[in-house]
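Working notes, beginning with the structure itself.
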There are 2 protein chains.
Amino acid sequence: MLAISIDVGGTLTKSAVVDEAGQALHELTEPTASTLPPMQVPDHVADLVQRLMAESGLALADLAGICVGLPGIVEHRLGLALSCPNLRNWEGLPLADLVTRRTGVTTWVERDANLAALGEAWIGAARGTGYSVCFTLGTGIGAGIILDGRLYRGSWGGAGEIGHITVVRDGPRCACGNRGCLEALASASAVAREAQAAAVRAPESLLWTLAGGERAAITADLVFRAALEGDATAMRVADTAVEYLGIGVATVINVFNLDMVVLAGGMAAAGSQVLDPVRAVVRQRARQPLAARSRVELGHLGGRAGVLGGARLVHLRAN
Amino acid sequence: MLAISIDVGGTLTKSAVVDEAGQALHELTEPTASTLPPMQVPDHVADLVQRLMAESGLALADLAGICVGLPGIVEHRLGLALSCPNLRNWEGLPLADLVTRRTGVTTWVERDANLAALGEAWIGAARGTGYSVCFTLGTGIGAGIILDGRLYRGSWGGAGEIGHITVVRDGPRCACGNRGCLEALASASAVAREAQAAAVRAPESLLWTLAGGERAAITADLVFRAALEGDATAMRVADTAVEYLGIGVATVINVFNLDMVVLAGGMAAAGSQVLDPVRAVVRQRARQPLAARSRVELGHLGGRAGVLGGARLVHLRAN
């Protein structure tokens, strides 16, 4: 049987038809429908499903189910996003039911970070481990939790808001309203924000050259590139962010007693610039022997972790 | 069937014979054997079991099992404490096997904070909830985690080291070697340490009167009493500690999506002086609707949570 998986991001929507071994038979990437009126969202999803089926020559009987991943707090039993700050038009819709009715195929709605964790545990970095947390480092910081080989959702599906643990009591304001959240200190947007502020005080910084003199063009990506070249301003900003990320990783190791922590999402592209210092912070801050018995690795599936994880969810549920 | 439960604390050992409804038929409290040579510890436990049986007129056939709770990191499948910083003579002994052999009764070894959480979930504050974390606030800060109605232990039994999550990057040194652990900022010993330091700069503080002029006699207990009387120094110390405790509670709510957080252990005796500010911090810092859908309560079982929880563990395992 095949699964259709649709990973709706803040900017792009990735979708795929995936078999039970994790092979994608057909994939699409397109801009997310972020301005569509809410009432049209279910038809939009159903259209995407029809397109994927037509383009890959599938019949209804080939499909085990559909999974829609959303960037927000999801009530998975109700199949809807309670809160979806970057996609308000997808919020509050009983999407699982509405899409099931339109397509005739059982549909599940899941939190995107949970799907990335499922994907990495299925055929990625955490394959073969029972207890893992997968951090998705992007505009925000999401996390998905696998315990005893299964996705952990908490009492009603809201678990994994690790991006919003307080790491600095009076730290910078976070989009969620709190101060000093991990996300406000260690996400790609936090790195960009801190670097833009620091660059103003460092006219000699390489960041200006890389950003073509434009302050708003200083992204996390440029910060890690400039840090690699030895730029002092960029190194300071990157070091601070990555230390807080390490504190977040040490926290989940202490709390969950894990086999593995996976660092995925855009900022994980910085590779050893993120991985090495996070490992060092874990050795220093997580309790022994919890630290020594947990591995920290980069994700293997890149930006496809969520869409592959959604397929895994369908295959697990349908069997 | 009956359970024998032995909760070995840093100072006192509480033991009891407990039935399947949580009624203690016989209880003992005595100083912990903290200086006994390790080789004599299993006999010491077996003697205690024999005494409990004799004093309550039990035969072997009445017993479902024995549980020994230890204050440390426990490998529950091996039935031993990997690390027991305050009771080095109990560390590394395969106590479950050794006590089973001496008594003829199946014996389990468990982390003390896990037992307190089991007790509160069985017949205490978290009764009827599926997802709870029970903080034990004492010399240190322990935590036990109940997920989907069952004790959560992690990959090999080391979960719940919430006392050692970093809440202040460059904070005070913790006994574990790290800096700024929750335990180093919000435990009873942290409160006493901070108050002793603050009192030196505040000769007018009520703390001196309550402590009979003796700096070392300033305990967490006195700090909460002085704060209740409006002493500014005590209030400042208590407020800071309780805010960090609130950050720890908000962290587990964000991470686990809980129904309930229970505050137990010695410092919970300060009642609303701890409970009210912790609830306020949770409202301010945990993500919505995670915060609104979780309750924070004081423990119902006082110092007996661990010994009752140990009995619960036996009854669950034996059935």
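The sequence lines fix the lettering, A, B, ..., with proteins before strands; numbering per chain opens at 1. Quick caveat, the model's predicted, so the values are computed rather than measured.
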Checklist entry - Between R179(B) and E243(A), does a salt bridge (charged side-chain N to carboxylate O under 4.0 Å, His left out) hold up when you go through it step by step? => result CA-CA 13 Å; R179(B) 280 192 177 284; E243(A) 177 162 9; over 6 Å; no

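- Side-chain N/O atoms of S155(B) and D259(A) include a donor and acceptor closer than 3.5 Å.
- Once rounded to the nearest 0.5 Å, the distance linking CG of D148(B) with CZ of R150(A) reads 7.5 Å.
- Separating the CG atom in N257(A) from the CD1 atom in I73(B) is a distance of 8.5 Å, to the nearest 0.5 Å.
- Interface residue S83(B): only side-chain heavy atoms are found under 4.5 Å from chain A.
- The contact between V255(B) and chain A is made by backbone and side chain atoms together, counting heavy-atom distances below 4.5 Å.
- Of the residues considered (A250(A), P289(A), C174(A), C176(A)), P289(A) shows the highest number of contacts with chain B, using heavy-atom pairs under 4.5 Å.
- Aromatic pair F256(B)/F256(A): centroids less than 6.0 angstrom apart.
- For a residue to count as touching a neighbouring chain, one of its non-hydrogen atoms must lie under 4.5 Å from one of that chain's; by this rule I145(B) touches chain A with the side chain only.
- Of the possible polar contacts, one joining the N254(A) side chain to the H164(B) backbone as a donor-acceptor pair under 3.5 Å is found.
- Between L147(B) and L147(A) the shortest side-chain heavy-atom distance falls below 4.5 Å.
- Only the backbone of R153(B) has a heavy atom closer than 4.5 Å to any heavy atom of chain A.
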Item to check | E161(B) vs L290(A), side chain to side chain contact (heavy atoms under 4.5 Å, CB included): CA-CA, chis, key distance, verdict | outcome: CA-CA 9 Å; E161(B) 291 298 320; L290(A) 292 162; 3.5 Å; yes

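- For chain A, the option among W156(B), Y244(B), Y152(B) with the highest count of heavy-atom pairs below 4.5 Å is W156(B).
- Between chain A and the options I247(B), V252(B), V167(B), heavy-atom pairs under 4.5 Å are most frequent for I247(B).
- The two residues L82(A) and R293(B) have their closest heavy-atom pair at CD1-NH2, 3.9 Å.
- Side-chain N or O atoms of R285(A) include one that pairs as donor or acceptor with a backbone N or O of R169(B) at under 3.5 Å.
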